[in-house]
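Here the structure is laid out as structure tokens; the discussion comes afterwards.
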Amino acid sequence: METLHTHHRVHTTRRTIGISNRFSHEPAAPFFSINFTHKYATLKRSEDMIEDILLKALREIGIETDFVEVEIPKHEALGDISTPTAMLLAKKLRKNPSVIADSIIAAIKEPDIFDSIEKAGAGFINFRLKPSYLHSKLKQLYTEGEGYLRPNAGKGRKIQIEFVSANPTGPLHLGHGRGAALGAAVANLLSAAGFSVEKEFYINDAGRQVKLLGESVFCRYKERTNTPCDFPKDGYHGDYVDELAGEIHKDNGDKFSNARFDEVSEFFIDYAYKAMLSEIKKDLSDFGVEFDTWQSEKELFTNGTVIEAIKRLRDKGLIYDQDSAVWFKATAFGDEKDRVLIKSDGQYTYFASDIAYHVLKLNRGFDELINIWGADHHGYIPRIRAVIKAAGGDESKLLVLLVQMVMLQRGGVPVQMSKRAGEFVTLRDVTNEVGKDITRFIFLTRRPDSQLEFDMETVKKESSENPVYYIQYAYARINSVFEKARERQIPVTFDGTTDLCGLSTPEELLLIKKLIFYPTTFLNAVRTREPHRITFYLQELAGLFHPFYYKHRILDEEESLTRARLMLCACVKIVIAEGLNILGVSTPDKM
RNA sequence: GCGCCUGUAGCUCAGCAGGAUAGAGCAACUGCCUUCUAAGCAGUAGGUUGGGGGUUCGAGUCCCUCCAGGCGUACCA
């Protein structure tokens, strides 16, 4: 799994060029040659080509290495592409980085794509690309489309991503929405990168919570038949509980009024959680999030998966009985204490079914399992890892993405949310009030592991100037230009022969560079499983488009310039659509 | 007590794999609609990156420590 190997590249660099490093206490590993061949085989970013050119130049001056660092400078004034190679070599060669930079520059043989190659700062080499090269890459983007924008990093490897998995005991709240937005975006991202992605929702339809829900509904039902009932201590108080009781009463009359809960529990529990589950499905669907598979926890009990999983562990001597409970030796695999699977009252803990669930997932042949959890479950990670190790699985296949809390506020005042007490603002309430696109966008404009303040008043106030509109507006504007072009009979399709020489102003060149480097951002987002990088890229892209649009006419220029600018706009539109689709945000033709 | 996450502009947040002058939106202030959508553009102002050490040619980024906030430390789910 590439995520876990990211640091090896750095090590490789240092080892290869012989710099003594502070990683030397690590296992004296064989030379890592990971990722390089893979990378050159599959990715075709402009930076890769520069790397090749640099490697060749280095060989020319007698330095053998298999990796050089190349980056896009923060400031445009510093060039289009840059490398700190000379500085990294300075120590090894005992030479001034500036001198090394000079010899590297002298050894570079391919001047035809560069406008300039300059030495700068402490030993950077900065490359400025020729407009003609930029034009050719833009054409490539347009003609290849997804082939250009979606370098195949996944190669069909199977990833399962499990997210939301909310207890079916009430409507989704805003925190679930954050998990849903993230999970869907990660799934879109990875699937665009050539992974085979399955989205799964794990249904906690067994155990205490659904039972409490059923019992709560049962009590409300009894109240409707004027029969006394002790409401369960930790029962659910939301209005929806009473509504479910009303439905049951309407369909069944007073039929159950004299029953004890344990006599009718199955009916009430099933009725209640299934109703809530379908609400959840609808909430998710309206939020634009669809799942491929829904795994029932109850089924893991009824079809023997849980018992089988425990038996397997017992056969390995990893299960023991103590104090009338059944324990798993989690400490043998790095957890801080052993964990109970079956309580002394005979009830299974959730951990028991979670063991079965994760073993099942491993056995289903995924190359990677991603779990998106609320950060309040982080303490659970070591024991799940322990399970995977105990089951003989590859622990590195599990990636847990923690989503921090959403702190809902209204005008700076925290809104308390308690599902059991029935006091909460649902995801649906929020999207009704502020809109789906804005809600999703806000979730994807933050790193998942930072707490998110979601103030209804602020969000509504800022809605009219929300960054999501900034991006969508760029898209709509382009669409509108194309409408006008069609009205004026200007052809709006392009190919490799379209003349782009006219694209020469600073605004145009900046836009082109931003566009052709999209795959870099995309691959970084894929590698880190962080869709918010796409969000920020899109804001930057729109931030280059609007000034271009304001400053230059598109349709009123002479024909070839109009055509060139239209093609540039077409590319902006393609990339915005690509990004917004990954984020799950709509692309309105008109605004 | 121990563990995990967070601390960057007045507010909400980025900072791409250790690179060069730390960015954006909102809020504030100045300008721009007889021209393809002003949900836009141009500009001003705003910072000891929580504090202190360390590693490095180079630290917002890595290490140590302290401070602050959140979460977790069950035969709970």
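Every chain is numbered from 1 and lettered A, B, ... according to where its sequence line falls, protein lines coming before strand lines.
- The same atom, C1', is picked in B:rG54 and in B:rG70; the two are 28 Å apart, to the nearest Å.
- Protein atom CG of A:Asn524 is 15 Å distant from nucleotide atom C1' of B:rU61, rounded to whole Å.
- To the nearest angstrom, P of B:rC4 lies 12 Å from CG of A:Leu402.
- The backbone N or O of A:Ala375 lies less than 3.5 Å from a partner atom in the side chain of A:His378, making a donor-acceptor pair.
- Distance A:Tyr236 OH to B:rA77 P: 11 Å, rounded to the nearest Å.
- With respect to the salt-bridge test (charged N to carboxylate O, under 4.0 angstrom), the residues A:Asp354 and A:Arg383 do not qualify.
- Phosphate contact (OP1/OP2 of B:rA14, side-chain N/O of A:Arg533, threshold under 4.0 Å): absent.
- Going from the P atom of B:rA9 to that of B:rA14 covers 12 Å, rounded to whole Å.
- Looking only at distances, no side-chain donor or acceptor of A:Tyr348 sits under 3.5 Å from a matching main-chain atom of A:Gly207.
- Contact annotation: the side chain of A:Phe127 approaches that of A:Leu54 to within less than 4.5 Å [non-hydrogen atoms, C-beta and beyond].
- Taking 4.0 Å as the cut-off between side-chain N and carboxylate O, A:Glu118 and A:Arg128 do not count as a salt-bridged pair.
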Decide yes or no on side-chain contact (heavy atoms from CB on, under 4.5 Å) for A:Gln404 and A:Arg178, but give the supporting numbers first. CA-CA 9 Å; A:Gln404 278 289 352; A:Arg178 188 177 190 184; 3.9 Å; yes
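- Between A:Phe351 and A:Val387 there is a side-chain heavy-atom pair separated by less than 4.5 Å.
- In this structure, A:Ser216 contributes its side chain and A:Leu212 its backbone to a donor-acceptor pair below 3.5 Å.
- With A:Phe124 as the aromatic partner, A:Lys119 does not meet the cation-pi criteria of under 6.0 angstrom to the ring centre and within 45 degrees of the ring axis.
- Following rounding to the nearest Å, A:Asp335 (CG) and B:rA74 (P) show an atom-to-atom distance of 11 Å.
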Going 5' to 3' through nucleotides 28-44 of chain B, assign each nucleotide B (protein heavy atom under 4.0 Å from a base atom), S (under 4.0 Å only from sugar-phosphate atoms) or - (no protein heavy atom that close). ----B--BBBSBBSS--
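- In this structure, A:Tyr320 and A:Trp327 have parallel ring planes: the angle between them is below the 30° cut-off, well short of the 60° mark.
- Judged purely by atom type and a 3.5 angstrom limit, A:Asn96 uses its side chain to pair as donor or acceptor with the backbone of A:Ser98.
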Pairs under 3.5 Å (N/O, protein and nucleotides 71-73 of chain B):
unit_1	atom_1	unit_2	atom_2	d
B:rU73	O2'	A:Glu336	OE2	3.3

Test salt bridge (Lys or Arg N to Asp or Glu O under 4.0 Å) applied to A:Asp321 and A:Arg314, step by step: CA-CA 10 Å; A:Asp321 301 306; A:Arg314 199 182 276 281; 3.6 Å; yes
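- When atom types are taken as modelled, the side chain of A:Asp455 and the backbone of A:Gly412 share a donor-acceptor pair closer than 3.5 angstrom.
- At least one donor-acceptor pair closer than 3.5 Å links the side chain of A:His173 to the backbone N or O of A:Gly175.
- Distance check on atom C1': B:rG31 versus B:rA38 gives 14 Å, rounded to whole Å.
- Between A:Lys590 and A:Glu483 there is no salt bridge, since no side-chain nitrogen of the basic residue lies less than 4.0 Å from a carboxylate oxygen of the acidic one.
- Checked by atom type, the side-chain pair A:Glu508/A:His552 shows no donor-acceptor distance below 3.5 Å.
- Atom C1' of nucleotide B:rG10 and atom CG of A:Asp455 are separated by 16 Å, given to the nearest angstrom.
- For A:Arg385 (side chain) and A:Glu395 (main-chain N/O), a donor-acceptor pair under 3.5 Å exists by modelled atom type.
- Every stem involving RNA chain B, taken as at least 3 paired positions in a row under the Watson-Crick or G-U wobble test at 3.5 Å, is listed here: B:1-7 with B:67-73, B:10-13 with B:23-26, B:28-32 with B:40-44, B:50-54 with B:62-66.
- For B:rC13, the glycosidic angle deviates from 0 by more than 90°, giving an anti base.
- In this structure, A:Ile442 reaches neither bases nor backbone, as no heavy-atom distance under 4.0 Å exists between it and the strands shown.
- Annotation: B:rU55 and B:rC71 have their C1' atoms spaced 31 Å apart (nearest Å).
- Note: A:Phe443 and A:Phe454 have tilted aromatic rings, judged against thresholds of 30 and 60 degrees for the angle between ring planes.
- Rounded to an integer number of Å, the gap from CD1 of A:Ile534 to C1' of B:rC16 is 11 Å.
- One C1' atom belongs to B:rU48, the other to B:rA22, and the distance between them is 13 Å to the nearest Å.
- Contact check on A:Glu557 versus A:Arg563 returns no salt bridge, with no Lys/Arg side-chain nitrogen under 4.0 Å from an Asp/Glu carboxylate oxygen.
- Between A:Ser450 and the phosphate of B:rA14, there is a side-chain N or O to OP1/OP2 separation shorter than 4.0 Å.
- For A:Lys461 and A:Ala325, each mapped to the nucleotide of RNA chain B holding its nearest heavy atom, the one lying further toward the 5' end belongs to A:Lys461.
- As a whole-Å value, the separation of A:Lys460 NZ from B:rC11 P is 23 Å.
- Near-neighbour residues of RNA chain B inside residues 344-356 of chain A, defined by a heavy atom below 4.0 Å, number-ordered: A:Ser344, A:Tyr350.
- With C1' as the reference atom, B:rU49 and B:rC29 are 26 Å apart, rounded to whole Å.
- For B:rA45 and B:rG10, the C1' atoms lie 12 Å apart once the distance is rounded to whole Å.
- B:rG18 sits 36 Å from B:rA28 when the C1' atoms are compared, rounded to a whole Å.
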Any protein N or O atoms within reach of nucleotides 19-22 of chain B? Criterion: under 3.5 Å, listing atom names and distances.
unit_1	atom_1	unit_2	atom_2	d
B:rA20	OP2	A:Lys74	NZ	2.8
B:rA20	N6	A:Ser82	OG	2.4
B:rA20	N6	A:Asn126	OD1	2.7
B:rA20	N1	A:Asn126	OD1	3.1
B:rA20	N1	A:Asn126	ND2	3.0
B:rU21	O2'	A:His75	NE2	2.9

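- Between A:His377 and A:Tyr380, the two ring planes are perpendicular [angle over 60°; tilted spans 30° to 60°].
- Here B:rU56 presents its C1' atom at 16 Å from CG of A:Leu89, a figure rounded to the nearest Å.
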Show each protein N/O and nucleotides 48-50 of chain B N/O combination with a separation under 3.5 Å, one pair to a line.
none

